[in-house]
Amino acid sequence: MFTSFYSLSARPFVKEIKSEKMFPSSSHQELLARLSYLKDNKGIGMVVGEAGAGKTSSLRAFAASLNPALYRAVYFPLSTVTVTDFYRGLAYNLGLLPAFRKVDLFRQIQEAIQDLYSGKKVTPLIVLDELQLASTQFLSDLHLLFNFSMDSENPFILVLCGLPALSMKLSLTHNQPLNQRLMMRYQMDGLSKEETKGYLEHHMRLAGANYPIFSDSAIEAISLVSRGWPRLINNLATTSLIFGYQKGLKTIDEDAVRQAAVELGM
Ligand SMILES: Nc1ncnc2c1ncn2[C@@H]1O[C@H](COP(=O)(O)OP(=O)(O)OP(=O)(O)O)[C@@H](O)[C@H]1O
Ligand SMILES: [Mg+2]
């Protein structure tokens, strides 16, 4: 294994990283700040970014930072959950037995959210991920479901998350009712060259590296090829380490990264 060759105590760049171990990139921190604003003001926010930008992990870190006595976080990724699963899942999470008809289900959910907020002083945080997959019908239903216009303040936090196509979808005329209600919108950027260096070093340090395994030119190549998207950085770095191990390279150079990029079809 490359881990023992590079004297690492763990595999760096694994898919799931603990929230508290995330690299504090500027877009990660900015997103946390925007979410904190949304937390204080309530209502609907939108987070978009390219694939592998770090949206889901940053949202997970935000949810983990909330006091469970004051917030109840639920997460639904539309890639694996159907719209019906979402309504029913939300109802179950609010302690309801879901009604059969959609109108009844919506009323039930709204009453439960209101009761949770006003009665129990708990704010639900609902995250809908991979929402670029949503139909127009679903987006307009969301507008209805989360319409508490009789109240002076919103009794919930709803985060809509997805690829940049989501933002374009919401800007279409028929989605204006929902679009105009967004209290916060944020588009995640890729990591800068300096941040990519910091990101690589951060992960290598977490894995117990005791010398700089990636050369400066290797880091530059990773930054260029990945355009700073964390998932691509992870894939490139891991494949470079495997390649370096096979070739007996103690330091990963630019050439190893180029080979890895070819292998990954990047
Ligand atoms: N700030 C960070 N620190 C450490 N690892 C990160 C950071 N941001 C992203 N990652 C890692 O990059 C990978 C991709 O992140 P994530 O799944 O959150 O992206 P995404 O924007 O949700 O992508 P997709 O649109 O494909 O769902 C994950 O393995 C994650 O652990
Ligand atoms: Mg994601």
Side-chain angles (χ1 to χ4, degrees), residues 3 8 10-36 38 45-65 73-81 85-86 125-134 158-170 184-209 213-214 219 222-223 225-242 257 260-261 264-266:
T3 41
L8 302 174
R11 269 178 66 112
F13 312 109
V14 285
K15 223 168 122 193
E16 298 279 311
I17 186 160
K18 287 209 176 80
S19 296
E20 68 277 12
K21 297 212 164 137
M22 285 184 74
F23 174 69
S25 67
S26 56
S27 60
H28 172 68
Q29 288 183 303
E30 178 67 29
L31 176 54
L32 293 183
R34 303 285 186 109
L35 288 167
S36 165
L38 187 64
M46 177 184 69
V47 179
V48 292
E50 296 294 337
K55 304 179 292 294
T56 304
S57 350
S58 297
L59 282 168
R60 206 173 345 106
F62 172 70
S65 74
V74 263
Y75 172 79
F76 299 95
L78 274 210
S79 53
T80 51
V81 170
D85 291 340
F86 163 63
L125 162 71
I126 300 143
V127 178
L128 273 168
D129 205 352
E130 331 264 1
L131 204 62
Q132 73 279 354
L133 300 168
L158 172 66
V159 182
L160 313 177
C161 179
L163 297 176
L166 170 64
S167 163
M168 289 190 289
K169 220 171 200 176
L170 284 180
M184 177 283 273
R185 37 181 102 217
Y186 184 61
Q187 170 135 18
M188 282 195 103
D189 274 333
L191 274 53
S192 67
K193 198 156 80 181
E194 290 68 37
E195 283 187 314
T196 302
K197 183 176 163 68
Y199 181 91
L200 287 163
E201 288 170 355
H202 175 82
H203 280 79
M204 293 307 284
R205 214 177 307 119
L206 286 178
I213 294 171
F214 289 91
I219 293 171
I222 291 176
S223 165
V225 177
S226 68
R227 298 183 312 280
W229 301 120
R231 186 181 294 126
L232 297 185
I233 300 178
N234 288 357
N235 294 348
L236 257 179
T238 302
T239 309
S240 304
L241 286 168
I242 295 170
V257 176
L264 291 166
M266 289 166 76

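What you see is a predicted model, and the numbers here were worked out from it, not measured in a lab. Order of listing sets the numbers, starting from 1, for every ligand and every atom in it.
Protein-derived N/O/S atoms nearer than 2.8 Å to the Mg ion (ligand 2) total 1, waters excluded.
Using a 4.5 Å heavy-atom threshold, the side chains of Ser27 and Leu31 count as separate.
The closest side-chain donor-acceptor pair between Asp129 and Thr56 falls under 3.5 angstrom. Under 3.5 Å, the side chains of Ser167 and Gln187 contain no donor-acceptor pair of N or O atoms.
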Could you list the donor-acceptor pairs under 3.5 angstrom formed between side-chain atoms of residues 10-22 and any protein atom two or more places apart in sequence or on another chain?
none

Please output the side-chain donor-acceptor pairs of residues 227-242 that fall under 3.5 Å, not counting sequence neighbours, one pair per line with the distance.
| from | atom 1 | to | atom 2 | distance (Å) |
| --- | --- | --- | --- | --- |
| Asn234 | OD1 | Tyr199 | OH | 2.7 |
| Thr238 | OG1 | Asn234 | O | 2.9 |
| Thr239 | OG1 | Asn235 | O | 2.8 |
| Ser240 | OG | Leu236 | O | 2.6 |

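Atom CG in Leu38 sits 8.5 Å away from atom CG in Leu125 (nearest 0.5 Å).
Nearest heavy atoms, Gly54 versus Met188: C-SD, 3.7 Å. Leu8 approaches Gly208 most closely through the heavy-atom pair CD2-C, 4.2 Å.
Glu195 contributes a side-chain N or O that, together with a main-chain N or O of Ser26, makes up a donor-acceptor pair within less than 3.5 Å.
The immediate protein surroundings of ligand 1, defined as residues with any heavy atom under 4.0 Å of it, consist of Lys15, Ile17, Met22, Phe23, Glu50, Ala51, Gly52, Ala53, Gly54, Lys55, Thr56, Ser57, Leu163, Tyr199, His203, Pro230, Arg231, Asn234.
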